Amino acid sequence: MAMKQEQVKQAGVGTQAIWAGEEEYLVQGSTQVPVVHSVSFGYDDVDVWHEVGLGKRPGHIYGRMTNPTVQVFEEKVRVLEGAEDATSFSTGMAAISSTLFTLLSPGDRVVTIKDTYGGTNKIFLEFLPRFRVDVALCDTHDYDAIEKEISKGCKVLYLESPTNPTLKVVDLARLARAAHRVGAVVVVDNTFATPVNQKPLELGADLVIHSATKFLGGHADALGGILCGRKDLVRQVYHYREINGAALHPMAAYLLLRGMKTLHLRVKQQNESALKIANYLEGHPAVEGVYYPGLTSHPRHRIAKEQMKGYGGVLSFSLKGGVDAVRRFLPRLRYVHLAANLGAVETIAGPPRTTSHVECTEEERRAMGIPEGLIRYSVGIEETEDLIRDLDQALEGLGT
Ligand code: PLP
């Protein structure tokens, strides 16, 4: 029996990941959401068609705007994030760029942090300045400096926490309060944390973004992005997306939906494994530094503990021998894909200088505090002890 959607809203995150949004499009007794590939949707009655087109009654017109399978995905994430509204995109970057280009106009000011994901950082450094948007890039862990920049006035405060790839943590509630004092819209990229570990809207954000390609989908087989939050803002960004065209494909929406049914189980396992692995690496003589908000040695561990339920499945570490040690170490690992992705069921590792921050120059990476010998390690759902044994054999004899 399908559960009523009203009940689902009150349920725990695991129940929501499975049931939210599911009922509306189940056809002829099917228990799984169908993949609707149709590009357009036909109407016998021209007046009904017109009303659907005007948004006065539910329905679909054309796949660049809405689609039944895609709509279920949007609804599931909306419920998980506790948002008023949600709209989806072909990729996480499409969600981020559409949001920023909707909210910002020439002459506006945006405050953000130096440690956003490499692609996001490019938007701040390269594209927004071309449209005469003033960008204030702040040190991610210097909350006083961020507050000072916000108090000068801004239209948008854009944050990410924990950050990619150095796992810095931003005090979301404190900075959201500061932004609201100057009337700014607060946007948070919640990709690393997932709604299982962190709910930015409850902490004061207006909008939450995910690269659904990562933990939401969890199987590294579909690209996607999503924006959730205040209805008035989400509708504005939806309008930008329906015209600019970065719509999520129904097949990708189906794969993401299927992946999300196990979101809470995957993330729980990844939280536990990542913490154990971070502790193990911190004690290893070949390791120079470990970046993980769950470690008590993390400079913002206290804030992470306050605003997160778990610390997530991604950690980074640097080796004492720098890039040379990384070159020798990575191919020795057995249970990893050496690839540019994260958040999947398989463990994935790679150096940010060739993955998330390949677009940046060495100086830009240095300015962001990303060591050239850093390795980002996205923990999969393999047995924790197997992953530790794997790391152990690969680290043996390196730089000690
Ligand atoms: N946000 C974060 C934190 C990411 O790590 C990524 C990609 O790695 C993105 C956004 C961009 O997502 P996508 O690759 O789906 O465009």
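In listed order, ligands and their atoms are each counted from 1. Here the structure is a predicted model, which is why all the values come from computation and not from measurement.
Nearest heavy-atom pair across I123 and P129 is O-CD, 4.0 Å. Residues A193 and M308 come closest through the heavy atom pair CB-CE, 3.9 Å.
Cation-pi contact between R332 and F329: absent, since separation from the ring centre below 6.0 Å together with deviation from the ring axis within 45° is not met. With a 6.0 Å cutoff to the six-membered ring centre and a 45° limit on the axis angle, R300 counts as a cation-pi contact of Y143.
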Is there a side chain to side chain contact (heavy atoms under 4.5 Å, CB included) between D85 and L227? Walk through the geometry before answering. CA-CA 8 Å; D85 207 348; L227 173 78; over 6 Å; no
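Taking every non-hydrogen atom of E160 and a distance limit under 4.0 Å, the qualifying atoms of ligand 1 come out as 3 (C).
Side-chain contact of E160 with T120: a donor-acceptor pair under 3.5 Å is absent, judged by distance alone. For the residue pair K276/S273, the side-chain donor-acceptor check at 3.5 Å is not satisfied.
Considering backbone and side-chain N/O of I96, none are found under 3.5 Å from N/O of ligand 1. The shortest N or O to N or O distance between N164 and ligand 1 is below 3.5 Å. Of the N or O atoms in F192, none lie within a sub-3.5 Å distance of an N or O in ligand 1.
Nearest protein heavy-atom neighbour of atom 12 (O) of ligand 1: S211 OG, 3.0 Å. At the top of the distance list for atom 16 (O) of ligand 1, counting protein heavy atoms only, stands M93 N, 2.8 Å. In terms of protein heavy atoms, atom 2 (C) of ligand 1 is closest to D189 OD2, 3.5 Å. Closest protein heavy atom to atom 6 (C) of ligand 1: K214 NZ, 3.6 Å. Among protein heavy atoms, atom 11 (C) of ligand 1 sits closest to Y117 CE2, 3.6 Å. Atom 15 (O) of ligand 1 has T213 OG1, 2.7 Å as its closest protein atom, hydrogens excluded (heavy atom only).
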